[in-house]
Structures are given as C-alpha cells and as structure tokens.
Amino acid sequence: MHGIAGKVAFVTGAASGIGRATAHRFALGSACVVIGDIDPTRDRVAEELRAVGGEAIAMHHDVADEASWEDAIERTLQAYGRLDILVNNAGLTASAPIADMSIAEWRRVMAVNLDGVFLGTKHAVAAIRRHGQGGAIVNVSSTSGLVGSPTASAYCASKGGVQLFTKAVALECAAERIRVNSVHPGAVRTPIWETADGWPEPMAQAGSPDAAWRALAATTPLGRVAEPEEVADAIFFLASDASRFVTGSELVVDGGYSAI
C-alpha cells in the first residue's frame, strides 16, 4: 500500500555504494529501476536485479551533461512509458585547503554535485508532469551539507546547495504532488571513501584501512559507520507512498554525528 510497486525509478551513480544499494532496495519493492552511471559496472548491477526477478535497465549517464540527461530521460520513457521517481545520488568528493584549491577543482565538484542535481531535477519534473499523478525526487546530500569540514569547502558548499535547492523546488512543485526531499548521510562504508582525496592522511595516521574505519566510527555517537543499505532504506522511505505527506525536508542518516 505504501511502497513503490510498479513505479519507474531512475537512480544516478547506481553502479556502486549507496546508488547500488538503492537500486537493489527499489527492485525488492517491485519498482522498475533505471541504473544510470558513467561506470560500466552499471550493467552488472542491472543483471543482478534481473537475476532475482527485478525489472531493470542500465545506461551510460553523465549527470553533469544536459544532453546526457535528455537522452536518459527519453530512453526511460521509451522503455517504461513514464517516470515516477528520481534519486540524484551521483557525487564526488574533494579535499584541499582553500588557499591551494584551483578553480578547476571547485568547478568539477559543483558540476557533478550541484549542477547534476539541478539538471536531473529539471528533466525529471518535466517527465513526471506528463502523467499528472505526482512523483518523488530524492536528492542525496551529506552531513557536510549541514556542518562544516576543514579542507572540504567545495564539497560542503555543493552539498549545502543541494539542501536549499531541494526546499525551493519542493515548494515550487507541491501543488503537482511532486515531492522533493534530501537525505544527508554521514560516514558510510562505500568505495568513494577509500578513493577520496582526503583518505590517505587518516589511513596513514591509523596505520591501515581497517584502523582508519575504526577511527571514523569512533567519531559517531552510535559508534560505527553506516552500511549503504541503511541509507538506501531512508531513500526508499522518501521515494515511497509511506512519506506521501513529506516534502521539502532533510532526513539525516549519520548515527548522531551532526547532533554533537
């Protein structure tokens, strides 16, 4: 009654991490899932979903390129005839002292983390409007969109922008029953952490990847980092009819980190 069965959901950055976990959660909820990513392993994720009886397709998709969005939404409509849900999950991190950061580094982060959310929301709203039955957009921000973090000014700015962008669009689209909300994960055990610019330093200080993860977990009141599936559950809630009276809000999934 309060799920997403039969709905069509597009998930960006779905080849790994939170995006992959979200795609699996949606398939479990009997949605038709579109796997968008620049990473070729997106095809493997779609195969995983189909292997367990899910309905899924995968496509190459660059969130920072408007033509890629236009093509992806058109292919989604061709495949399924509608769009009900968009999860703007794709993102990247960057770590550099402000005095050392280049404008190219700054713009790279904004292009993916903020421009990508703008472009996805723009084209998803137009697609959802076609069937006139409302829908849901979930924008993946971060606790770094709520609190500051040293050497992460570009990332914080991009994720903070996502939060307020979400609220503005939620107000704009409320009358059409297109709900727009943001999710703010804290530390999550995903590949993006270990490939981030800022990871080598804490790993070197801790002595090993496992020790670095334990040190990160110690900064969280619940005493651990999240698994991708826990964030996916939060995204599923905001995408589903269970949250049908929720729009313009932020759901923080950080084990209490931002409450300190």
Side-chain angles (χ1 to χ4, degrees), residues 3-15 18-19 22-23 26-27 29 31-38 42 46 55-91 110-141 158-159 161-183 235-241 243-251:
I4 59 173
K7 295 186 178 182
V8 178
F10 192 110
V11 184
T12 72
I18 293 171
T22 299
F26 282 5
C32 302
V33 187
V34 181
I35 311 294
D37 209 303
I38 58 173
R42 62 185 176 268
E55 172 58 43
I57 59 173
M59 61 181 71
H60 178 273
H61 179 235
D62 180 354
V63 298
D65 180 3
E66 185 161 22
S68 184
W69 270 111
E70 292 168 345
D71 177 66
I73 296 297
E74 183 58 32
R75 289 171 63 188
T76 298
L77 296 175
Q78 289 175 357
Y80 296 116
R82 62 188 290 144
L83 178 67
D84 301 285
I85 298 164
L86 170 68
V87 179
N88 279 312
N89 166 73
M110 296 302 162
V112 175
N113 292 2
L114 195 50
D115 294 355
V117 172
F118 156 68
L119 290 170
T121 302
K122 170 186 174 179
H123 291 285
V125 165
I128 293 169
R129 281 173 173 163
R130 294 192 188 189
H131 60 68
Q133 297 173 320
I137 296 173
V138 183
N139 296 325
V140 179
S141 179
S158 68
K159 292 302 188 177
V162 168
Q163 182 201 30
L164 286 182
F165 172 82
T166 295
K167 290 181 179 294
V169 179
L171 295 175
E172 185 176 331
C173 296
E176 300 170 277
R177 291 183 297 141
I178 300 174
R179 299 182 300 102
V180 191
N181 294 286
S182 57
V183 170
I235 293 171
F236 181 89
F237 167 71
L238 290 175
S240 76
D241 291 339
S243 63
R244 59 197 178 278
F245 199 59
V246 180
T247 195
S249 72
E250 53 276 323
L251 178 51

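Counting from 1, the numbers follow the sequence of the chain as shown.
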Using salt bridge (charged side-chain N to carboxylate O under 4.0 Å, His left out) as the criterion, list what pairs up with R75, not counting sequence neighbours. D71
With sequence neighbours left out, write down each residue that passes side-chain contact (heavy atoms from CB on, under 4.5 Å) with F118, or none if nothing qualifies. K122, F165
The side-chain contact (heavy atoms from CB on, under 4.5 Å) partners of D84 (sequence neighbours excluded) come to K7, V8, R82, H131
Would you mind writing out the side-chain donor-acceptor pairs for residues 57-65 within the sub-3.5 Å range, not counting sequence neighbours?
residue	atom	partner	partner atom	Å
D62	OD1	A64	N	3.0
D65	OD1	A67	N	3.1

Could you check whether atom CG of L77 has more than 12 heavy atoms from other residues, nucleotides or ligands sitting under 6.0 Å from it? yes
Does A124 have any side-chain contact (heavy atoms from CB on, under 4.5 Å) partners at least two apart in sequence or in another chain, and if so, which? L83, L86, I137
Please enumerate all residues that pass side chain to side chain donor-acceptor pair (under 3.5 Å) together with S243, with sequence neighbours excluded. R179
Smallest separation among heavy atoms of S141 and V162, with atom names: CB-CG1, 3.9 Å
Point-to-point distance, once rounded to the nearest 0.5 Å, from CG of N181 to CD1 of I235: 11.5 Å
Results of salt bridge (charged side-chain N to carboxylate O under 4.0 Å, His left out) for R129 - residues two or more places apart only: E176
Nearest heavy-atom neighbours spanning A136 and A239: CB-O, 3.8 Å
With sequence neighbours left out, write down each residue that passes side chain to side chain donor-acceptor pair (under 3.5 Å) with S182, or none if nothing qualifies. H184
What residues form a side chain to side chain donor-acceptor pair (under 3.5 Å) with E55, not counting sequence neighbours? Y80
Minimum heavy-atom distance between L114 and S158, given as atom pair plus value: CD1-O, 3.8 Å
So, does N89 use its side chain to make a donor-acceptor pair with the main chain of G13 at under 3.5 Å? yes
Rounding to 0.5 Å, atoms CD1 (I85) and CD1 (I4) come to a distance of 4.5 Å
Checking side-chain contact (heavy atoms from CB on, under 4.5 Å) against L238, which of T247, V87, V246 comes through? V246
Quick one, F237 and V183 - any side-chain contact, counting heavy atoms below 4.5 Å? no
With E74, which residues qualify under salt bridge (charged side-chain N to carboxylate O under 4.0 Å, His left out), at least two apart? none
Tell me every residue that passes side chain to side chain donor-acceptor pair (under 3.5 Å) with N88, counting only those two or more places apart in sequence or in another chain. T121, N139
Once rounded to the nearest 0.5 Å, what's the spacing between atom CD1 of I73 and atom CZ of R130? 9.0 Å
Would you find a donor on one side and an acceptor on the other, under 3.5 Å apart, between the side chain of N113 and the backbone of K159? no
Report the distance from atom CZ of R177 to atom CZ of R244, rounding to the nearest 0.5 Å. 12.5 Å
For residues 111-120, which residue pairs qualify under salt bridge (Lys or Arg N to Asp or Glu O under 4.0 Å), counting only residues two or more places apart or in two chains? none
Nearest non-hydrogen partners of F236 and G29, listed with the distance: CE1-CA, 4.3 Å
